[in-house]
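The next block holds one structure in the form of structure tokens; read it before the comments.
These values consider heavy atoms only, across backbone and side chains, with no hydrogens, waters or symmetry-generated copies. Below, read A as the first sequence line, B as the second, and so on, with proteins coming before strands; counting in each chain starts at 1. It should be emphasised that the depicted structure is a prediction, and the values quoted were computed from it without experimental measurement.
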Amino acid sequence: MKLATWNVNSLTARLQHVRDWTALEPVDLLGLQELKLTDDKFPAEALAEAGYPHCAAFGQKTYNGVALLSRTPLRDVVRNIVGFDDEHARVIAATVEAPGGPLRVLNGYFVNGQAPGSEKFAYKLRWLDGLLRYVAAELAAHPRLLLMGDFNVAPEDRDSFDPEGLRDTIHHTREERAHFQALLALGLVDAFRLFEQPEKSYSWWDYRMLGYQKNRGLRIDHLLASEALRPQVRGCRIDRTPRKWKQPSDHAPVILELAG
DNA sequence: ATGGCCATAACATATGGA
């Protein structure tokens, strides 16, 4: 079974890329972020034709928005963080049948946070705190759990093209990294780091300053697997293919392979 | 030469992203 996470930076603008990429890389379940559309505009029919008849969307106008696209039924869909009042559409959870038993999938578009000290940064820290409590509760109820999405955190220096120059800037702060470590401490593992990876592996590159061409990127899109799921994890990789296409998302998809 | 982009709204400019 293959699963993936991808921030598409507008599903309207990227629908053809989603169709083209899933044709090349036929993942069974795909978590999307930054849909930037309301649920009435969600292209369910086009995605069903692309092989994903089971979709759950949680969108809003212009900003944010997340969805799960699946080849098999999704059940117990929950929108947003239970226990955290949020005006933004940022999290969607569902259970899918997987080899070895049901799998709980949480797909999130984490707060960007703009800059340390800003009101948006304070919101990011509150949001991360709410998420941590929610994931702890979900893990207790569903030991086989996968937390995926655009975390907007570069967990370690090696996850940034310029860790010294960007020290303590957004995505690199001690507070954001501590929150990432707190998620791991719940009993999750960063699937990407279970395997040998190329040096300077990133999942996002700025549209400006020839960011992609110079590989000036960050690894901020992640898949965290619970202890119970870990024995089934067979691989994890970033697929830069669609980042090279015309009018790409600024993020690349990250793929997780599970045994069976 | 230290900046170079992109998507959206209903604007020809502003906001947010990361």
Side-chain angles (χ1 to χ4, degrees), chain A residues 5-18 21 31-43 57-67 86-91 107-128 131 148-180 192 200-222 238 240 242-254:
Chain A
T5 176
W6 193 10
N7 179 325
V8 290
N9 185 18
S10 169
L11 182 55
T12 307
R14 228 65 64 194
L15 179 59
Q16 195 54 47
H17 278 199
V18 171
W21 183 71
L32 299 179
Q33 304 92 36
E34 279 208 90
L35 308 184
K36 298 189 176 182
L37 49 74
T38 48
D39 291 346
D40 59 301
K41 303 244 176 24
F42 185 81
F58 180 37
Q60 68 181 86
K61 194 173 178 177
T62 313
Y63 303 116
N64 310 311
V66 286
D86 197 350
E87 309 218 332
H88 296 173
R90 294 187 174 276
V91 179
N107 174 37
Y109 173 50
F110 290 38
V111 176
N112 176 310
Q114 204 160 59
S118 68
E119 181 47 49
K120 285 173 183 165
F121 188 73
Y123 164 53
K124 181 174 197 171
L125 297 184
R126 287 198 306 276
W127 190 93
L128 287 167
L131 180 78
M148 60 160 65
D150 174 0
F151 284 53
N152 273 318
V153 178
E156 300 176 47
D157 279 357
R158 61 179 166 163
D159 299 314
S160 171
F161 72 97
D162 186 11
E164 298 302 330
L166 294 172
R167 190 162 301 288
D168 299 324
T169 65
I170 198 65
H171 306 97
H172 301 69
T173 66
R174 182 182 49 77
E175 293 97 322
E176 291 164 283
R177 288 178 169 178
H179 269 286
F180 189 87
F192 189 75
K200 303 184 191 306
S201 284
Y202 308 124
S203 65
W204 170 88
W205 302 261
D206 202 312
Y207 285 124
R208 298 168 293 184
M209 298 180 286
L210 300 174
Y212 183 72
Q213 290 83 344
K214 295 180 176 176
N215 197 28
R216 294 162 60 90
L218 304 175
R219 191 177 73 93
I220 54 178
D221 300 273
H222 308 296
I238 297 166
R240 304 201 304 194
R243 188 62 178 79
K244 301 169 190 168
W245 294 344
K246 280 196 202 310
Q247 295 179 280
S249 166
D250 42 359
H251 294 253
V254 189

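- The C1' atoms of B:dA10 and B:dT15 are separated by 14 Å, rounded to the nearest whole Å.
- There is a side-chain donor-acceptor pair under 3.5 Å between A:Lys36 and A:Asn9.
- Using the six-membered ring where Trp is involved, A:Phe110 and A:Phe151 have ring planes that are parallel, under 30° apart on the 30 and 60° scheme.
- In this structure, the CH2 atom of A:Trp205 is 22 Å from the P atom of B:dG4, given to the nearest Å.
- Across the C1' atoms, B:dC5 and B:dA18 are found 12 Å apart, a figure rounded to whole Å.
- The side chain of A:Asn152 approaches B:dA18 more closely than any other nucleotide in the set B:dG3, B:dA18, B:dG17.
- Taking the P atoms as reference points, B:dA7 lies 23 Å from B:dG3, given to the whole Å.
- Regarding A:Leu37, its CG atom lies at a distance of 15 Å from the C1' atom of B:dA9, rounded to whole Å.
- No engagement by A:His172 is indicated, since no non-hydrogen atom pair under 4.0 Å with the nucleic acid exists.
- Rounded to whole Å, atom C1' of B:dC6 lies 6 Å from atom OH of A:Tyr207.
- B:dA9 is paired with B:dT13 under the criterion used here, namely a Watson-Crick or G-U wobble arrangement in which both key atom distances are under 3.5 Å.
- Within the nucleic acid shown, A:Asp221 has no heavy atom closer than 4.0 Å to any nucleic acid atom.
- Contact between the side-chain N/O atoms of A:Lys61 and the OP1/OP2 oxygens of B:dT8 is not found at any separation under 4.0 Å.
- Between A:Asn9 and the phosphate of B:dA7, there is no side-chain N or O to OP1/OP2 separation shorter than 4.0 Å.
- Between B:dA14 and B:dG4, the distance separating the two P atoms is 16 Å to the nearest Å.
- In this entry the distance linking OH of A:Tyr123 with C1' of B:dG16 reads 13 Å, nearest Å.
- Along DNA chain B, the nucleotide nearest A:Gly113 and the nucleotide nearest A:Thr12 are compared for position; the residue whose nucleotide lies closer to the 5' end is A:Thr12.
- Nucleotides of DNA chain B nearest to A:Asp150 and A:Leu35 differ in position, and the one nearer the 5' end is that of A:Leu35.
- B:dA1: no Watson-Crick or G-U partner with both key distances under 3.5 Å is found in any strand.
- For A:Asn112 and B:dA18, a side-chain-to-base donor-acceptor distance below 3.5 Å is present, hydrogens and geometry of angles not being considered.
- Residue A:Arg216 is classed as having no contact, given no heavy-atom separation below 4.0 Å to the nucleic acid.
- Distance from the side chain of A:Thr62 is smallest to B:dT8 among B:dG4, B:dA18, B:dT8.
- Regarding A:Trp204, its CH2 atom lies at a distance of 10 Å from the C1' atom of B:dC5, rounded to whole Å.
- In this structure, A:Asp250 atom CG and B:dA7 atom C1' are separated by 10 Å, rounded to whole Å.
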Review point. Hey, mind stepping through A:Trp245 and A:Trp21 against ring-ring contact (aromatic ring centres under 6.0 Å, His included) and telling me if it holds?
Key: CA-CA 10 Å; A:Trp245 294 344; A:Trp21 183 71; 8.5 Å; no
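- Between the side chains of A:Tyr123 and A:Asp86, at least one donor-acceptor pair of N or O atoms lies under 3.5 Å.
- Between B:dT8 and A:Ser10, a contact under 4.0 Å exists linking OP1 or OP2 to a side-chain N or O.
- Across the protein-nucleic acid pair, A:Leu166 atom CG and B:dT2 atom C1' stand 14 Å apart, rounded to whole Å.
- For the pair A:His171 NE2 and B:dA18 C1', the interatomic distance rounds to 4 Å; values are reported in whole Å.
- The only option from A:His251, A:Gln33, A:His222 that meets the side chain to side chain contact (heavy atoms under 4.5 Å, CB included) definition with A:Thr5 turns out to be A:Gln33.
- In summary, A:Asp157 and A:Arg167 engage in a salt bridge, as defined by a charged side-chain N under 4.0 Å from a carboxylate O.
- In this structure, A:Asn7 reaches the B:dA18 phosphate: one of its side-chain N or O atoms is under 4.0 Å from OP1 or OP2.
- Residue A:Lys214 is classed as a base contact, given a heavy-atom separation below 4.0 Å to a base.
- Residue A:Arg208 places no side-chain N or O under 4.0 Å from the OP1 or OP2 atom of B:dG17.
- Once rounded to the nearest 0.5 Å, the distance linking CG of A:Leu166 with NE2 of A:His172 reads 4.5 Å.
- Contact between the side-chain N/O atoms of A:Tyr109 and the OP1/OP2 oxygens of B:dA18 is found at a separation under 4.0 Å.
- The side chain of A:Lys36 approaches B:dT8 more closely than any other nucleotide in the set B:dG4, B:dA18, B:dT8.
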